[in-house]
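By convention here, the first residue in the shown sequence is residue 1.
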Amino acid sequence: MKRANFHWLRPEKHELSADFKEMIQAKRLSPLIGQLLWQRNIRTEEALQRFLEPDLQQLHDPFLLYDMEKAVERIQAAIMNGERILIYGDYDADGITSTTVLKEALELLGAEVEYYLPNRFTDGYGPNLSVYQEKIAAGVQLILTVDNGVSGHEALAYAKSAQVDVIVTDHHELPPELPEAYAIIHPRHPLGNYPFPDLAGVGVAFKVATALLEEVPVELLDLVAIGTIADMVSLTSENRVLVTNGLKMIQQTERAGLSALIEISGLKKRTINETDIGFAIGPRLNAIGRLEDATPGVTLMSTFDPEEAQALAKQLDTINQKRKQYVETILKEAQTLLSDANQVHLIVGEDWHEGVLGIVAGRLMQQTGKPVLVLTKKSNGIAKGSGRSVAALNLFEMLSGMREMFTSFGGHHAAVGLSVPIDHLSMLQERMNQYVIDNQIDLSSGIPLPIDEELSLAEITIDFIESLKILAPFGTDNPIPKFLISNISADNGRQIGTENQHLKVSLIDEENGQLDVIGFGFGSQLVEFKSEGLAVVGQLSVNEWNGKKKPQLMLEDFEVNGMQLYDLRSKKNRQGMTLDAQTLGITFSDKLSSEMQQFCPHIHVFQTLDELRDAFNAGDYTQLAFLDCPDRKELLKEIIQEITVTRVYLILLSTEDAYLDGIGTREQYGRLFQLINQQNGIDIRYKLPMVAKYLQIPEKLLIFMIQVFFDLKFVTIKDGVLKKVPDPVNTPLTESVLYQQRLAKIKTEEDLLMSDLSTIRKWLIS
C-alpha cells in the first residue's frame, strides 16, 4: 500500500433542509452544488443570496472601524493645511497595492503626498526608526502606515516625541500592547467591533479611501483584489465582495502597468481570475520586494506611461525568474539538512538569499508535514529567516514564549519572520522540540487535506466542472473544491517536464470511461500509478486544445490501498530504477545475472518457505521482489500468503527461456536422434554451438533435448562426449521427469510473463 502524503478529511454527508433544497432548485443549481454550499455554511436564503451575488452594497460602513472618524478628520486637516503626508508601506504585494490605493485616493483630494516602501534588507519590516527620523527631519508632518504599524513601538514613539502624528492602518496580529499612535485602524482593534475581521492591508487602506472620498472608489478595486488574493486572507464575506468586483475591474482595467504585467505573464485580461492573480500577478509583485527595493511596484501600478509600464513589467518578470532559481537552489540544499528526529525543522544555511526563505520553508512544510524555520547566517553573528507552520501548531504562539532568544520577531499563527543569534540555534531547536512534546501536539497525521466530495468518473463532465465556477472566487476559507475518486486504476502513465518532474496519467473505469490527470511534482512516483486500488484527490478543470474540451484532474495527493503489485517485467519499466534496502529479492536459481544483482542489493536464494520467512524477518524488509520465474507459479502465491508485505515487484526473468524456446517438436527430436545414430560420439562440450547450427535448433533448447534423452537413458554422456545407448527401451518423451518439469515451467512462464498485471493480482490475492 502507499500512504497519502496528507491527512484526508473526507466529507461528511449532510441532509439539506427542505427550505434550502427549494432555494437550490429555484436557483437552478444541481444537488451537488447545493451540498458544496451547505458544507461551506451557506444555509440560509440571505447567506445564499450574498454568496451568489456579492454586491458592493454589502460592504460595511468604513466608519464602523475604530478610530476611523478621528483618522479622517486628521487627514482632512492635513490636506487643508497643505501638510506633507508620508505613506509608509510594505514590500510585498499587499503593501504595494495598499500604498497605491491610499496614494491615489489622497491625490484625488489634492493632498501633498509621498510614499516610502521599506527595503527588506536594510530597513526590515514595519516602521523603521532611522527612516522615520530622516523623513521627519525632511519636513514630513503626518505619517500613514499601510499593511504595517501595530508593532512599531520605537519608531512611533519617536514620531510622537517629534510632534508628528502617525495613523496606523494594519491587519497583522495585534501585540499585547498597542503603539503610541494618533489613530489605529485595524479590523480586530480590541476596542472596536468591526463586523469582518479578516481584511487584508489593502482592504483596510481601501476603507480609509472610501471614508475620505465619501463613496466607494470602484476604480481602486482592481488593486484591492490583487492585494487581497496575494495576501491569502479569508476570501469570504466582505473580501468576497471586494475580490469579485475587483476581478471585473481588472478584466477591463486601463492601468498601463497592470495591463503590461498581465501581458508579460501570458494571461488574457478578459478571462483573468483569482488563480491567475495568485500564481502569476501576485508572485511578480512579491518577487521585487523579496530580492530588491519594492518601490518600482508602486510606480508600475500607478503609471500612465505605456513605455514605462512595459519596462517595469519586464523588470518584475526578470526578478521573478531569478527568485524561482534562488528557491530551487536553496530548496535542494535545505532538503539535505532535514532530520526526522526533530518535531520542528530548524534549517540553517550559509549565504542563502533571505528574501525567498519563507517560500522554501513553505515548500519544506508541505513536503514533511511539520513546521519549518529556514534561516541564513549573517556576518554579524545573527541567523535571519522565516517560518511556516501546519494547522496543528500555532507557530507565533510557540515562538512568542521564546522571544527573549530573538533579536527580532513577528508574524501570525502560520507564518513568522525572526532573527536569532547563531549561538542560540541549538537551544532554539531543543525548546521547539520540547514544546511540541509538552503540549502533546500531534504532527504525525500530516497536513489536513479537506475533501469536498467523492465522485465517480461518470459524474465528471464539462458541464459539472463549468458549474463549479458559481462558487468562485476561490481562496482561503473558500477553497477550490477538491474531489476524491476511489478504487480506480491508471493507464498511459508518463513523465513530463524538462526534468521529468511532472506526471500525466489516465484514470480508467471500464464502465465510465477515463479522466486525464496532471500531477505537478509527481513525476518520480510514476511507478505507484501502475497499481490497482488507487484513490486520488485533486481539483477539476477543463483542458482545451485545438477547440476540443476535455475534463482533467489536477492531482494533489493519492494513496493505494492493499498490496501493491508492480510490473517490472520489461527493461523499459525498470529503466532508471534500483530497488531500495527495504526490498528482499527472491531468486529461484543460482544463475542470476550481475545486472539483476545490482538492481536488487538484497537477494535470497529460495530453498524453503521457512528459510525465506526467517531471512525476511531478520532484516528491515517490507517489500518483496520476484527476480526470476519459479518452476511452478503457485509458489508465488504461497510466499505472499506466508509473508505480509506492502509491495511486490514482479521482474520474473526467465533464465532458460522455456516459454520462448518451447519443449521441442517431434520433428526436432527426430533430427537429433538421427544425428546421434549416425555418429559414434558427439563432442557437446566444445562443439555444441556447431551441432545446434547444423540441426537448426536453439542452443538452450538443444541442451534440454539432450538432457531428456539422457534422462530416458537413450544416450550416455562421458567427458563431454555424447553417445547413443545400444537398443534403448522405447519410452515416450512424456515419461521424462525433465520433460514434465519443462512443460510445467512453460505453463508457469506463460501465465506469469504473458498475463496482464490485473489478472496476476486477482490470482495472487484470491
Side-chain angles (χ1 to χ4, degrees), residues 1-17 20-21 24 29-43 51 234-236 365-370 389-393 414 441-461 464-465 467-468 470-472 474-490 503 505 507-509 511-512 514-515 517-522 525 528-529 531-541 551-564 646:
M1 70 184 299
K2 159 71 172 65
R3 290 185 60 185
N5 292 326
F6 297 94
H7 174 48
W8 293 4
L9 302 178
R10 297 174 186 263
E12 294 182 13
K13 283 293 182 182
H14 298 280
E15 182 59 37
L16 309 188
S17 70
F20 191 74
K21 287 180 181 178
I24 294 299
L29 301 176
S30 71
L32 185 49
I33 294 294
Q35 185 70 233
L36 295 176
L37 287 165
W38 187 273
Q39 288 170 192
R40 292 169 192 233
N41 207 32
I42 310 299
R43 301 182 177 183
F51 185 87
S234 178
L235 213 55
T236 58
M365 183 266 292
Q366 290 284 332
Q367 175 186 324
T368 64
K370 291 182 177 181
S389 188
V390 297
L393 175 70
I441 298 171
D442 183 12
L443 300 173
S444 63
S445 58
I447 300 170
L449 178 62
I451 297 169
D452 291 87
E453 192 62 68
E454 182 168 359
L455 300 176
S456 67
L457 290 188
E459 294 176 287
I460 300 174
T461 63
F464 171 68
I465 297 172
S467 73
L468 294 173
I470 200 169
L471 304 175
F474 298 111
T476 303
D477 296 333
N478 185 46
I480 297 176
K482 297 176 179 64
F483 297 102
L484 167 66
I485 305 170
S486 296
N487 196 25
I488 202 83
S489 58
L503 171 78
V505 299
L507 300 181
I508 303 296
D509 184 325
E511 296 181 2
N512 298 313
Q514 68 177 47
L515 175 68
V517 175
I518 300 294
F520 291 108
F522 286 89
Q525 301 184 65
E528 304 285 0
F529 287 81
S531 303
E532 294 189 356
L534 185 66
V536 301
V537 176
Q539 304 171 7
L540 294 173
S541 62
Q552 70 178 6
L553 182 131
M554 310 306 291
L555 185 68
E556 295 206 17
D557 201 7
F558 73 97
E559 68 179 15
V560 182
N561 295 308
M563 182 189 72
Q564 289 178 266
T646 58

- Task: Decide yes or no for L540 and F464: does some side-chain heavy atom of the first lie under 4.5 Å from some side-chain heavy atom of the second?
- Result: yes

- Message: Rounded at 0.5 Å granularity, tell me how far CZ in F483 sits from CD1 in I460.
- Response: 8.0 Å

- What is the ring orientation for F558 with F529, classed by angle as parallel under 30°, tilted 30 to 60°, or perpendicular over 60°? tilted

- Heavy-atom pair with the smallest gap, counting every atom of W8 and A4: NE1-CB, 3.4 Å

- NE2/H14 to CD/E12 distance, rounded to the nearest 0.5 angstrom? 5.0 Å

- Task: Calculate, to the nearest 0.5 Å, the distance between atoms CD and CG belonging to Q39 and N41 respectively.
- Result: 11.0 Å

- Verify, without hydrogens or angle tests, whether N5 (side chain) and D557 (backbone) share a donor-acceptor contact under 3.5 angstrom. no

- Query: Rounded to the nearest 0.5 Å, how far apart are CD1 of I451 and NZ of K482?
  - Reply: 10.0 Å

- Message: With heavy-atom distances below 4.5 Å as the criterion, would you say the side chains of I33 and I24 are in contact?
- Response: no

- Query: Distance from M365 atom CE to I447 atom CD1, nearest 0.5 Å?
  - Reply: 5.0 Å

- Mind listing the closest non-hydrogen atom pair of E454 and S486 along with its distance? OE2-OG, 2.9 Å

- Any side-chain heavy-atom pair from L235 and T476 closer than 4.5 angstrom? no

- Message: Just verifying a value: how many Å separate T646 OG1 and K2 NZ, rounded to the nearest 0.5 Å?
- Response: 11.5 Å

- Query: Do the side chain of N478 and the main chain of L471 share a donor and acceptor less than 3.5 angstrom apart?
  - Reply: yes

- Message: I need the minimum non-hydrogen distance between A490 and L534, along with the two atoms involved.
- Response: CB-CD2, 3.9 Å

- Quick one: closest heavy-atom pair of S234 and D477, and the distance? OG-OD2, 2.6 Å

- Item | Close side-chain approach of D509 to I485, heavy-atom, < 4.5 Å | no

- Task: Sequence neighbours left out, what passes salt bridge (Lys or Arg N to Asp or Glu O under 4.0 Å) with E15? Give chain and number order.
- Result: K21

- So which heavy atom on N487 is nearest to which on G533, and how close? OD1-CA, 4.3 Å

- Note on the structure: Contacts of R10 meeting salt bridge (Lys or Arg N to Asp or Glu O under 4.0 Å) (sequence neighbours excluded), chain-then-number -> E559

- Message: Less than 4.5 Å apart, side chain to side chain, heavy atoms only: is that true for L503 and Q525?
- Response: no

- Taking all non-hydrogen atoms of both residues into account, name the closest pair between L468 and P481 and its distance. CD2-CG, 4.3 Å

- Message: Contact between L37 and I470 at the side-chain level, heavy atoms closer than 4.5 Å - yes or no?
- Response: no

